[in-house]
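The basis for the numbers below is simple: all heavy atoms, side chains too, and nothing from hydrogens, waters or symmetry mates.
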Amino acid sequence: MKVVIIGGVAAGATAAARIRRLDEQAQIVVFERSGYISYANCGLPYYIGDVISDPEALTLQTPENFFSRFRIDVKVHHEVTAIHPDRKVVSVQNLESGKEFEESYDKLILAPGAKPAQPRLPGTGMDKLFTLRTVEDTFRIREYIRHNCPRSAVLAGGGFIGLELAENLRELGMDVTIVQRPGQLMNPFDRDMASFIHGAVRRHGVRLELGHTVEGFEEKNGGVDVLLKGEEPLHADMVVLAIGVTPDTHLAREAGLSLGIKGSIVVNDRMETSVPDIYAAGDAVQVKHYVTGEDALISLAGPANKQGRIIADNICGGDSRYRGSTGSSVLKVFDMTAAVTGLNETNAKKAGLDADAVILSPMSHAGYYPGGRVMTMKVVFERETYRLLGAQIVGYEGVDKRIDVLAAAIYAGMKADQLKDLDLAYAPPYSSAKDPVNMAGFMIDNIAAGRLRQWRLEDVEKLPRDGSVTLLDVRTVREYESGHMEGFRNIPVDELRERLEEIDSGKPVYVICQSGLRSYIACRILEGNGFEAYNFSGGFRFYDAVTNDRRLIETAAACGMDIPK
């Protein structure tokens, strides 16, 4: 059996190594148009920032090592230019010599990945404008910085690559601006949770220009002007386009394979394409979202590696299936960590699901043990069924641990209120006896049992201020005086029982505290004394962070101002 693989990074390299482990006799040929295989895409920004100083650390394997260990013939600087399914051959060009030839196959694996989105805008060909996808791209950016010592950079796009690059360029001492059309960074997060990411980025000196459309680039005064629709240009010494990626599937299209979202390759759960004996994996393929079952594009290293393994199993006579992607991911944002899994609330509602969420601010570990930090969690579930749909966490230590627990719970089909039952590891330096994941489960269980009625951020403007409801802030007097919602009166929770006569028992009571815990206790006191009470999800800390962020963005957009660093 002869297997030809197009693309030798995540899915392609994994498939090649797995095939060899399953079949010692198979002939395996990998064509990779760059000069490197099995390299760490996710580590590229950290090499630019000199966090990773050894360039060899970026390449997990070399062609020589791959052949030595696995007897796999890896041909770098070789580009497949056409696929001929009728003859089961591919056309290949040696990019160093220019020689063209054909290679036959019994099984063909497409793992071309995705390419940076390149809008057709004036000025995109200039030498001060970069994209970041390959090791060569990384070397080019690093060499430009080393030789030209740029003092400023504009990053067009605020996704994973944009944020990681922003951090690394700031660590090099550069002034950094992120500009993009969407009004928030990191679209996998809901806008309210993205507010905490915005705050962290601003605290570290990155300017955010959100809600602006880039219309082109011009060389000016030794640098680049980034032209914005209806706004003054942004000037910088260099620009990096990080506005996302698109599946690199022109070969599949020309060979007549079925294509899906944004031209991605359609595969079944065995990773088989519409053409016999051709498989595909990685960022180029359309998959099913694990939560909704709908078609999706999810460009992440974990799914790509799993898909490569599944293809190898099936080529070698097995029956492995890809069950779908939840989009679990984690991101370092300077000293903070942001992580997500499953559906956010926005996308859940777009998918037609009746979604609700709880928001909580637990400590990373036991409060009495030094060094604990607050994290903000949002856990999304389906009303009525309490099916767990997704989660987002922004914080410091322990964020990655909790998102992985929640990802596993989604995969296992757990209901959201069952999170309370998970038996999770506890020691004071690592967690609390009531782990944050358990706490989310307790809150959802209280909602299911009718013990907790919530009101949410989107309800704030709709609350009547005509006296028909009671608006109650149960924080301390000092906390209340340092900032509170308009129209809310203050009765500290520890004084509430003695001051119940101050509250009209015939009116609903909307309660808020700093994080949602004391207000929940206040709601239980009120409910126990015949009141109808609603607890604000997330607390004043959450409200303050989100509304301040929105105010900054909206004010800057309305006035044409720079958003403060």
Side-chain angles (χ1 to χ4, degrees), residues 1-34 36-39 60-94 100-113 247-252 254-258 265-285 301 303-322:
M1 177 178 65
K2 181 178 180 181
V3 182
V4 169
I5 301 174
I6 302 175
V9 187
T14 295
R18 175 71 170 173
I19 291 169
R20 174 58 71 228
R21 290 194 294 270
L22 297 177
D23 186 345
E24 183 64 18
Q25 308 307 317
Q27 182 183 355
I28 308 168
V29 181
V30 179
F31 293 112
E32 169 58 45
R33 66 185 167 197
S34 76
Y36 301 87
I37 63 161
S38 192
Y39 57 81
L60 307 179
Q61 291 282 353
T62 66
E64 295 77 17
N65 291 341
F66 228 47
F67 184 80
S68 176
R69 176 160 295 181
F70 297 111
R71 293 300 188 270
I72 293 171
D73 187 9
V74 178
K75 297 183 183 294
V76 295
H77 294 140
H78 280 67
E79 182 172 11
V80 174
T81 57
I83 302 168
H84 309 285
D86 54 334
R87 296 189 289 124
K88 299 187 80 170
V89 299
V90 296
S91 298
V92 186
Q93 182 179 33
N94 183 326
E100 298 180 358
F101 61 95
E102 289 188 341
E103 190 83 30
S104 64
Y105 66 83
D106 297 311
K107 305 289 184 181
L108 177 64
I109 301 174
L110 306 182
D248 191 358
T249 56
H250 67 283
L251 289 175
E254 292 162 6
L257 277 65
S258 294
I265 302 169
V266 173
V267 294
N268 61 18
D269 60 357
R270 286 170 49 87
M271 308 310 297
E272 295 168 325
T273 72
S274 59
V275 174
D277 296 321
I278 300 181
Y279 299 75
D283 295 352
V285 304
N305 278 278
K306 294 180 185 72
Q307 292 160 12
R309 178 186 173 92
I310 287 167
I311 290 174
D313 287 351
N314 292 329
I315 283 177
C316 295
D319 186 24
S320 290
R321 308 275 175 162
Y322 188 67

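- Between the side chain of Lys107 and the backbone N or O of Met1 there is no donor-acceptor pair closer than 3.5 Å.
- The shortest distance between side-chain heavy atoms of Phe66 and Arg20 does not fall below 4.5 Å.
- Here CD1 of Ile278 is found 11.5 Å from CD1 of Ile311. Values are rounded to the nearest 0.5 Å.
- The neighbour count for Arg21 CZ, taken as heavy atoms of other residues, nucleotides or ligands under 6.0 Å away, is above 12.
- Inter-residue side-chain proximity for Arg309 and Ser320 is flagged as unmet; no heavy-atom pair is nearer than 4.5 Å.
- Distance alone, capped at 3.5 Å, places no donor-acceptor pair between the Asp23 side chain and the Ile19 backbone.
- Because its NZ or CZ atom is both nearer than 6.0 Å to the ring centre of Phe67 and within 45° of the ring axis, Arg71 counts as a cation-pi partner of that residue.
- Judged purely by atom type and a 3.5 angstrom limit, Glu102 has no side-chain atom pairing as donor or acceptor with the backbone of Val89.
- Side-chain contact between His78 and Gln93 is absent, with no heavy atoms from C-beta onward closer than 4.5 Å.
- When side chains are defined from C-beta on, Asp277 does not count as touching Asp106, because their heavy atoms never get closer than 4.5 Å.
- Between Val92 and Asn94, every side-chain heavy-atom pair lies at or beyond the 4.5 Å cut-off.
- The two residues Ala312 and Ala15 make their nearest non-hydrogen contact at CB-O, 3.7 Å.
- Rounded to the nearest 0.5 Å, atoms CD1 (Ile109) and CD1 (Ile6) are 10.0 Å apart.
- Here the side chains of Ile83 and Leu257 are not in contact, with every heavy-atom distance at 4.5 Å or above.
- For Gln307 (side chain) and Gly282 (main-chain N/O), a donor-acceptor pair under 3.5 Å exists by modelled atom type.
- Rounding to the nearest 0.5 Å places CD1 of Ile72 at 12.0 Å from CG of Asn65.
- Side-chain contact check for Glu32 versus Val9: some heavy-atom pair is nearer than 4.5 Å.
- Of the inter-residue distances, the one linking Asn314 atom CG with Asp269 atom CG reads 8.5 Å to the nearest 0.5 angstrom.
- Of the inter-residue distances, the one linking Glu79 atom CD with Arg33 atom CZ reads 5.5 Å to the nearest 0.5 angstrom.
- Taking the side chain as every heavy atom from C-beta outward, Asp313 and Arg18 approach each other to under 4.5 Å.
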